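Single-structure report; data block below.
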Amino acid sequence: NDRFINWFNKKYPDKNWDWCAISANENIGLHDIMTNMDLPWDWDEISYNPNIDWEDFIANPNLPYKTENDKKYGVHSVA
């Protein structure tokens with residue numbers, strides 16, 4: 001997946017990619033995201049990604065996950 005992500009991002013850098021759908025896509029895993037942190041991942045949508053589970057959240061608490069409560073109350077609920 002890393003090679004594909006890099007390929008399409010370099011080949012079509014000016015395209016308006018749907019990063020919400022890409023972030024939630026079942027073909028994307030946390031490894032893909034972490035090795036391509038320069039891409040505009042939609043951190044809200046990542047929580048819908050079936051390849052990312054609580055173990056990933058717990059093991060990586062410093063990633064910029066956001067929840068509705070984070071936005072509403074200004075707190076980070078994954079800790």
Side-chain angles (χ1 to χ4, degrees):
N1 285 341
D2 285 343
R3 289 188 337 191
F4 178 71
I5 291 168
N6 287 326
W7 174 81
F8 79 71
N9 200 45
K10 287 179 184 173
K11 186 165 175 86
Y12 305 104
D14 298 327
K15 271 196 112 30
N16 187 18
W17 295 105
D18 182 355
W19 286 99
C20 293
I22 293 170
S23 298
N25 188 289
E26 64 187 27
N27 293 310
I28 300 295
L30 189 60
H31 173 78
D32 301 312
I33 294 166
M34 293 192 63
T35 56
N36 296 284
M37 290 292 288
D38 58 318
L39 298 177
W41 299 106
D42 186 316
W43 292 95
D44 290 329
E45 293 299 315
I46 287 172
S47 65
Y48 295 105
N49 186 313
N51 291 320
I52 299 172
D53 59 24
W54 278 113
E55 296 301 319
D56 294 317
F57 284 101
I58 292 167
N60 299 282
N62 294 325
L63 291 177
Y65 305 119
K66 288 284 185 186
T67 66
E68 289 304 313
N69 282 340
D70 295 339
K71 293 177 201 169
K72 189 173 183 180
Y73 302 110
V75 296
H76 190 59
S77 58
V78 177

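Quick caveat: nothing in here was measured; it's all calculated off a predicted structure.
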Practice prompt. Establish whether I46 and W54 are linked, either directly or via other cluster members, by ILVMFWY side-chain heavy-atom contacts under 4.5 Å.
Written response: yes
Worksheet entry | Steps toward side chain to side chain contact (heavy atoms under 4.5 Å, CB included) verdict (I52, I33) | CA-CA 10 Å; I52 299 172; I33 294 166; 3.7 Å; yes
Fill in: Minimum-distance pair of heavy atoms, taken over all atoms of P50 and A24
CD-O, 3.7 Å
Worksheet item: How long is the span from the CD1 atom in I22 to the CG atom in N49, to the nearest 0.5 Å?
Response: 12.0 Å
Worksheet item: For the side chain of W41 and the backbone of N36, is there at least one donor-acceptor N/O pair under 3.5 Å apart?
Response: yes
Worksheet item: Short question: side chain of D42, backbone of W19 - any donor-acceptor pair under 3.5 Å?
Response: no
Worksheet item: Which residues satisfy the side-chain contact (heavy atoms from CB on, under 4.5 Å) test with D53, sequence neighbours excluded?
Response: E55, D56
Discussion item. Working to the nearest 0.5 angstrom, can you tell me the gap between M34 CE and L63 CG?
Written reply: 5.0 Å
Discussion item. If I take atom CG from residue L30 and atom OG1 from residue T35, how far apart are they, to the nearest 0.5 angstrom?
Written reply: 9.0 Å
Fill in: Contacts of D18 that satisfy side-chain contact (heavy atoms from CB on, under 4.5 Å) - sequence neighbours left out
C20, A21
